[in-house]
Protein chains: 2
Amino acid sequence: MSRPSRREDLIESALTLFNANGFHAVGIDRILSEGGLAKMTLYRHFPSKDALILGVLEAREKSVNGWFAGILAASYPDGEARLLAVFDGLESWFENRSPLGPFYGCLFVKASAEFPQPGNTIHQAALEAKLAFVEMVAEAAAQEGFKKPRLLAREVSILKEGAIVMAHIQGTSAPASDARKAAKSLLATWPRKN
Amino acid sequence: MSRPSRREDLIESALTLFNANGFHAVGIDRILSEGGLAKMTLYRHFPSKDALILGVLEAREKSVNGWFAGILAASYPDGEARLLAVFDGLESWFENRSPLGPFYGCLFVKASAEFPQPGNTIHQAALEAKLAFVEMVAEAAAQEGFKKPRLLAREVSILKEGAIVMAHIQGTSAPASDARKAAKSLLATWPRKN
DNA sequence: AGCAAACAAGACCGATCTGTATCTTTTGAA
DNA sequence: TTCAAAAGATACAGATCGGTCTTGTTTGCT
């Protein structure tokens, strides 16, 4: 009942609380008490709270980007439908119908907001997670024969991030369909090979 | 040297520090020492730190939305150019050439990230600032004869928010031109009256 | 069964937080 | 010029922060 188990418990408890309350607003004691964990257990697995935050971001990157990867990897009638599926995924996320848990905005945006200095390690971890998503979309766009797939991926990602921010601030899932419409218009005129 | 002067000094010092470091990470003592202000001066003008944060957000809403209002109110060859000017403004903001000061992401996004609960007063203040921007764009779009101006305003706003988030996380201004290209594609096929 | 590592629980430390109180100096208007 | 309000400076209180240490119990492996 030890090896990776306690470490995962720490990350799970921290992830839940960070998501719902932010990083600075959540103290170590609360993470531990709500997880039924001891303080020395935390400091056996992580040298500091910042290291725990990095561990949480790393785990979150795998689950979030893994979820989107699964969406992009499904089969669709055409390339347009494949990329638009991202926004259907967003809507299910916003409406708490996704495996990502209750929606309180994007944890990486939260991290870059609470650690705004570009050189900060946590800020950079958030950046890497976002770049990995853009790369995923770029590969899907390239496979579907879209020209300038990286530019398309960046524009789609901007729509995705904007929808996440607006959905969180407003507390509604409506931005998902707004962003989807914009993406559809974008894809309708985007040049393709063949 | 008193009336609204000290209150403005408090807000200015707090705004600078909140922008660069976030809300929870900045203590009252630092706001006061860097502003050359006394503690009782703060609590004479604001009942609490949260009230100061609300004051800062209110002031920021005026300056940011006022700046965008000026951009939208200028004269342009056509409606497309008017709405696209928002993204030229974004680029100057990201590159620290705007009157909004050094760019550390959007303060309202930061606020909604650090106070993620929808019912929170600070969260709601951030929401109002964002809704005011959408309304501004909707009015401009309507005046330019775009059909469904509110939907267009929401899609443009999503592009704007996404560009802000990506620019802050990446530390580059490139998302401004990416979002501008997407907006241009959007406007090119958007139905208009007349 | 036995043993060393991991764990829960909680006392403890110094630093820092928000907010209050005290005292002296400065300000602005009659 | 006088005087009350405002402001600067600083000490202080109580709570909470991240992090260390100790004690006794449980776990997993041989």
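Here the structure is a predicted model, which means the values were calculated and not measured. Residue numbers begin at 1 in each chain, while the letters A, B, ... track the order of the sequences.
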Report which part of the nucleic acid B:Leu37 touches: base, sugar-phosphate, or nothing (heavy-atom distance under 4.0 Å, all strands).
sugar-phosphate
Taking atom types as they are modelled, would you say the side chain of A:Arg6 forms a donor-acceptor pair with the base of C:dA6 within the 3.5 Å cutoff?
no
Can you tell me how far [atom2] of [N] sits from [atom1] of [X], to the nearest Å?
X       : N      : atom1 : atom2 : answer
B:Leu32 : C:dC17 : CG    : P     : 12 Å
B:Ile31 : C:dT16 : CD1   : P     : 16 Å
B:Arg44 : C:dT20 : CZ    : P     : 13 Å
B:Leu52 : C:dC17 : CG    : P     : 15 Å
B:Leu42 : C:dT18 : CG    : P     : 10 Å
B:Asn21 : C:dT16 : CG    : P     : 15 Å

Kindly say if A:His45 contacts the phosphate of C:dA6, meaning a side-chain N or O under 4.0 Å from OP1 or OP2.
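Answer is no, no contact under 4.0 Å.
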Is it the case that B:Lys181 places NZ or CZ above or below the six-membered ring of B:Phe87, under 6.0 angstrom from the centre and within 45 degrees of the axis?
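No, B:Lys181 does not sit over the ring of B:Phe87.
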Face-on cation placement of A:Lys193 at A:Phe146 ring, 6.0 Å and 45° thresholds:
no
Going by distance alone, is a donor N or O of one side chain under 3.5 Å from an acceptor N or O of the other, for A:Glu95 and A:Ser173?
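Note: A:Glu95 and A:Ser173 side chains meet the donor-acceptor criterion.
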A:Trp190 side chain vs A:Lys147 backbone, donor-acceptor pair below 3.5 Å:
yes
Salt bridge check, B:Lys130 against B:Glu161: does any charged N sit closer than 4.0 Å to a carboxylate O?
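A salt bridge is present here (some side-chain N lies under 4.0 Å from a carboxylate O).
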For a ring-ring contact (aromatic ring centres under 6.0 Å, His included) check, start with the C-alpha distance between A:His24 and A:Phe18, then their side-chain angles and the critical distance, and finish with the verdict.
CA-CA 8 Å; A:His24 287 99; A:Phe18 288 156; 9.5 Å; no
Listing time: all N or O pairs from protein to nucleotides 19-25 of chain D that are below 3.5 Å?
| unit_1 | atom_1 | unit_2 | atom_2 | d |
| --- | --- | --- | --- | --- |
| D:dG19 | OP2 | A:Tyr43 | OH | 2.9 |
| D:dG19 | OP2 | A:Lys49 | N | 2.7 |
| D:dG19 | O5' | A:Tyr43 | OH | 3.4 |
| D:dG19 | N7 | A:Lys39 | NZ | 3.0 |
| D:dG19 | O6 | A:Lys39 | NZ | 2.4 |

